[in-house]
Amino acid sequence: TAISAARAHSAQGPAQDDLFLSDVLEGLSRPDKSLPCKYFYDAEGSALFDAICTLDEYYPTRTETALLHDRADEIAALAGRGATLVELGSGSSVKVRILLDALDDPAMYVPVDISRDHLISAAARLAGDYPAVTVVPVAADYVRGFALPRGVAPERTMAFFPGSTIGNFRPAEAMAFLNGLGRRLGSGARLLIGVDLRKDPAVLEAAYDDARGVTAAFNKNLLARINRELDGTFDLDRFAHVARYDTARGRIEMHLRSLDDQTVRIAGHPIRFARGETIHTENSYKYSVPGFRRLAARAGWHTERSWTDERSLFSLHWMVR
Ligand code: AVJ
């Protein structure tokens, strides 16, 4: 059955645990301290991210969801019959249901996600709800590459990269990533990608520093995760959540600011923080529609359709390789 397929393929993909410690120590021993944002998404972080997606201030999720509903029939016509959907960073696999409901007899769904347990439970739930679709979860860091199931024709493949996760890459990295994805999927493959748009900085900063402090908890969970998994001694009350928009770069930056001079230990290694020093935890780049289309074109993707909501908050693009 589709559910057993989900279980059978769950073991593939490289283990990430051993990389966590070395990535953390490397990022925190630089003069400008930073941590890779992919480590936000342990079980706690994935649950906090799902909570972020329901916040009033966090417009991307509901705006993109509405766009998907509005354009579902058009997307289904472009995708054609019997498509294979490959979702990058599938998380809870919520948005893809809009596509699976609209598509003409979708054959296969390949959710790719770094958060293995969350991936497996989401894939099993989805497989139960869509018994005609073969669900093949792939536990992998999709940036490093991942194996697609055999025998999937590129012209039937449709990658789905929603949520403006592409915004976590610097533009040059985004280009390299999209180019690599196109080569992996093959000539004739399609890509449906969600991209957050440039806008009033106040709207952007509120989206990343909400009144209820959910985003602050999400950001600080990175330190809590280091405490849990790497024998860290971070005192979460001695760091503050910071979100600021850099207009020139067109990006939201999230940081954790040390409130004191302090020394933290991670797996026995001492890390010193000066008062006011920050750990840069995430970039979230924002684009204009033409700006993103130019970037994609340089990565070998031709944009056939771009859709935005009436307030121009968010964009969806249909691209062909
Ligand atoms: C999942 C990377 C798209 O940048 O908006 C949400 C992550 N960080 N709130 C984003 C995030 C803080 C999110 N992405």
Side-chain angles (χ1 to χ4, degrees), residues 34-65 67-68 87-96 111-115 118-119 122 141-143 159-171 173-174 177-178 192-225 239-246 249-257 278-287 292 309 313-317:
S34 66
L35 290 169
C37 63
K38 66 181 178 184
Y39 292 118
F40 281 137
Y41 301 94
D42 68 344
E44 304 272 325
S46 297
L48 285 164
F49 180 68
D50 285 351
I52 286 173
C53 291
T54 69
L55 294 170
D56 285 346
E57 295 98 328
Y58 196 73
Y59 61 86
T61 309
R62 64 171 179 279
T63 309
E64 185 180 48
T65 299
L67 272 173
L68 287 168
E87 182 171 8
L88 308 170
S90 48
S92 299
S93 289
V94 173
K95 291 169 189 164
V96 76
V112 184
D113 204 285
I114 191 170
S115 186
H118 200 68
L119 169 75
D141 176 356
Y142 57 78
V143 181
F160 182 42
F161 196 27
S164 201
T165 304
I166 191 71
N168 279 158
F169 297 84
R170 289 184 165 79
E173 295 163 354
F177 170 71
L178 290 174
L192 179 63
I193 185 167
V195 182
D196 197 12
L197 296 175
R198 295 187 178 195
K199 60 182 62 65
D200 180 354
V203 174
L204 284 164
E205 288 182 350
Y208 292 84
D209 193 6
D210 61 282
R212 287 171 49 206
V214 182
T215 309
F218 173 73
N219 198 9
K220 288 190 179 189
N221 177 58
L222 202 42
L223 305 184
R225 182 178 180 185
F239 287 84
H241 168 68
V242 178
R244 56 173 183 240
Y245 186 58
D246 181 331
R249 289 189 167 109
R251 75 184 194 196
I252 282 278
E253 292 183 7
M254 290 208 317
H255 294 258
L256 290 160
R257 172 178 287 134
T278 74
I279 308 170
H280 188 176
T281 53
E282 188 174 42
N283 288 320
S284 191
Y285 280 84
K286 311 303 172 186
Y287 290 91
F292 188 75
D309 58 293
L313 294 173
F314 201 88
S315 62
L316 263 185
H317 306 264

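Every number for a ligand or one of its atoms is a count from 1 in the order of the listing. Keep in mind that what you see is a predicted model, and the values were worked out from it rather than measured. Reckoned from all heavy atoms, side chains included, excluding hydrogens, waters and symmetry mates.
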Item to check | Side chain, backbone, both or neither: Tyr41 near ligand 1, heavy atoms under 4.0 Å | outcome: side chain
Item to check | Proximity to ligand 1 by part of Phe40, non-hydrogen separation under 4.0 Å | outcome: neither
Checklist entry - Can you tell which of Ile166, Asn168, Leu204, Thr215 gets a heavy atom nearest to atom 2 (C) of ligand 1? => result Asn168
Checklist entry - Where is the tightest heavy-atom contact between Ile252 and Tyr245, given as atom of each residue plus distance? => result N-CD1, 3.8 Å
Checklist entry - CZ/Phe218 to CG/Asp210 distance, rounded to the nearest 0.5 angstrom? => result 11.5 Å
Checklist entry - Side chains of Asp42 and Asn221: donor-acceptor distance under 3.5 Å anywhere? => result yes
Item to check | Atom indices of ligand 1 within 4.0 angstrom of Phe49 heavy atoms, with elements | outcome: 1 (C), 6 (C), 7 (C), 13 (C)
Next on the checklist: Looking only at protein heavy atoms, which one is nearest to atom 7 (C) of ligand 1, and what is the separation?
Outcome noted: Glu282 OE2, 3.3 Å
Checklist entry - Can you tell me how far the CG atom of Leu316 sits from the CZ atom of Phe161, to the nearest 0.5 Å? => result 13.5 Å
Checklist entry - Under 4.0 Å from any heavy atom of Ser284, which atoms of ligand 1 are there? => result 4 (O), 5 (O), 10 (C)
Checklist outcome for this item: For Gly163, the atoms of ligand 1 under 4.0 Å from one of its heavy atoms are 3 (C)
Next on the checklist: Centroid separation under 6.0 Å, is that true for the rings of Phe49 and Tyr41?
Outcome noted: yes
Checklist outcome for this item: Looking only at heavy atoms, the pair that brings Ser90 and Leu119 closest together is OG-CD1, 3.6 Å
Next on the checklist: Suppose I only count heavy atoms of Ser164 and a 4.0 Å limit; which atoms of ligand 1 are within that range?
Outcome noted: 3 (C)
Next on the checklist: Can you tell me how far apart CG (Asn219) and CE (Met254) are? Round to the nearest 0.5 Å.
Outcome noted: 4.0 Å
Checklist entry - Looking only at protein heavy atoms, which one is nearest to atom 13 (C) of ligand 1, and how far off is it? => result Tyr58 OH, 3.4 Å
